[in-house]
Amino acid sequence: MPTGDFALRLSGALGGLVLGLSVAVATPASTLVAIADIGFTDSSGEAKDQSAEHEARRLELTQALRADIGRDDRLESLSLACEGACRLDGEGVEALRQRAREAGAAYVVVGSVHKMSMLVLSMRVAVLDVASGKLVLERLLSFRGDNDEGWRHAGDYAAREVAGRLAVR
């Protein structure tokens, strides 16, 4: 058995190693969350063609969701891009779930914005457990203002809801 200064140094080194191991074990790996491109539909009947503005907002909203959800240290965001918006019918969501599973994600986030009138829009966001396909979270948000600020505000809220639910799981 070592004695004196050597024993003290060895004891300190082993204690530091054990402490370092316990910290490493206590810090869980981040959860991978696949976020599909957000969709958009417009049934407002407005005469003015706003397709370019809506496409820019849709892309900005998608990128913001990915960035905001990935900002939580417990979550890592993965982009699931589609040509245009992702299909959100049963077959489309199942294909997204399979792509997310192949990429190693634990969850997949899907959503779409619907413009009902000049002032009123809604955003549906859903989170599915990739392994089971079960719905983990679904929100239907109504917001006013078909403008950058309105879309940004809705996206911020959706990101907080998703990150808040998944970070505690």
Side-chain angles (χ1 to χ4, degrees), residues 30-169:
S30 59
T31 301
L32 189 58
V33 180
I35 302 171
D37 288 344
I38 300 299
F40 176 75
T41 57
D42 184 350
S43 63
S44 67
E46 283 187 68
K48 181 182 174 189
D49 180 13
Q50 297 175 311
S51 56
E53 291 95 339
H54 290 139
E55 180 62 9
R57 287 183 186 125
R58 183 187 74 78
L59 293 173
E60 185 178 321
L61 173 64
T62 299
Q63 291 304 322
L65 279 172
R66 290 174 180 150
D68 291 347
I69 291 169
R71 218 170 258 125
D72 187 304
D73 291 342
R74 297 164 291 185
L75 304 174
E76 182 181 347
S77 175
L78 168 73
S79 173
L80 269 189
C82 300
E83 296 211 12
C86 297
R87 282 185 35 219
L88 297 182
D89 59 4
E91 187 177 311
V93 170
E94 182 58 26
L96 289 169
R97 191 171 74 86
Q98 293 304 321
R99 285 178 54 203
R101 181 188 324 206
E102 290 167 6
Y107 301 98
V108 62
V109 177
V110 297
S112 185
V113 172
H114 177 73
K115 180 176 178 178
M116 296 172 269
S117 71
M118 278 196 316
L119 296 175
V120 180
L121 295 93
S122 64
M123 179 179 175
R124 172 165 266 138
V125 177
V127 179
L128 299 168
D129 181 290
V130 169
S132 68
K134 290 184 179 180
L135 190 62
V136 173
L137 172 76
E138 183 174 26
R139 293 288 185 267
L140 179 59
L141 315 170
S142 293
F143 64 100
R144 296 205 183 284
D146 185 15
N147 54 43
D148 293 343
E149 184 180 345
W151 282 62
R152 194 172 307 114
H153 183 69
D156 290 347
Y157 182 82
R160 282 193 310 271
E161 287 288 297
V162 170
R165 174 64 62 92
L166 297 182
V168 296
R169 290 183 141 282

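Heads up: numbering here begins at 1 and tracks the sequence.
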Sole candidate of Val33, Ile35, Leu32 that passes side chain to side chain contact (heavy atoms under 4.5 Å, CB included) when paired with Ser77: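 Among the candidates, only Ile35 passes.
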
As an exercise, state the distance from [atom1] of [X] to [atom2] of [Y], rounded to the nearest 0.5 Å.
{"X": "Leu65", "Y": "Ser79", "atom1": "CG", "atom2": "OG", "result": "11.5 Å"}
{"X": "Asp37", "Y": "Leu61", "atom1": "CG", "atom2": "CG", "result": "10.5 Å"}
{"X": "Leu128", "Y": "Tyr107", "atom1": "CG", "atom2": "OH", "result": "11.0 Å"}
{"X": "Glu60", "Y": "Gln63", "atom1": "CD", "atom2": "CD", "result": "9.5 Å"}
{"X": "Leu166", "Y": "Ile69", "atom1": "CG", "atom2": "CD1", "result": "7.5 Å"}
{"X": "Asp156", "Y": "Asp68", "atom1": "CG", "atom2": "CG", "result": "5.5 Å"}

Arg97 side chain to Val108 backbone, donor-acceptor under 3.5 Å: no

Check: Arg99 side chain, Ala81 main-chain N or O, donor-acceptor pair, under 3.5 Å: yes

Check: Tyr157 and His153 side chains under 4.5 Å, non-hydrogen atoms: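 His153 vs Tyr157: side chains apart.
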
Side chain to side chain, Leu96 and Cys82, heavy atoms closer than 4.5 Å: yes

Parallel, tilted or perpendicular: ring planes of Phe143 versus Trp151, cut at 30 and 60 degrees: perpendicular

From CA spacing to verdict: side chain to side chain contact (heavy atoms under 4.5 Å, CB included), Asp148, Arg57: CA-CA 7 Å; Asp148 293 343; Arg57 287 183 186 125; 2.9 Å; yes

Arg152/Glu149 ion pair, N-O < 4.0 Å: no

Show every donor-acceptor pair shorter than 3.5 Å between a side-chain atom in residues 109-127 and any protein atom, with sequence neighbours excluded, or say none if there are none.
| from | atom 1 | to | atom 2 | distance (Å) |
| --- | --- | --- | --- | --- |
| Ser112 | OG | Gly39 | O | 3.4 |
| His114 | ND1 | Thr41 | OG1 | 2.6 |
| His114 | NE2 | Ser43 | OG | 2.8 |
| Lys115 | NZ | Glu46 | OE2 | 2.3 |
| Lys115 | NZ | Gln50 | OE1 | 2.7 |
| Lys115 | NZ | Asp146 | OD2 | 2.6 |
| Ser117 | OG | Leu119 | N | 3.3 |
| Ser117 | OG | Val120 | N | 3.1 |
| Arg124 | NE | Glu138 | OE2 | 3.0 |

Disulfide bond (SG atoms under 2.5 Å apart) contacts touching residues 134-166 (sequence neighbours left out):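 For residues 134-166, and leaving out neighbouring residues, there are no disulfide bond (SG atoms under 2.5 Å apart) pairs at all.
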
Least distance between heavy atoms, Val130 atom then Ala100 atom: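 For Val130 and Ala100, the tightest heavy-atom pair comes out as CG2-CB, 3.8 Å.
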
Donor + acceptor pair across side chains of Glu94, Gln98 (<3.5 Å): yes

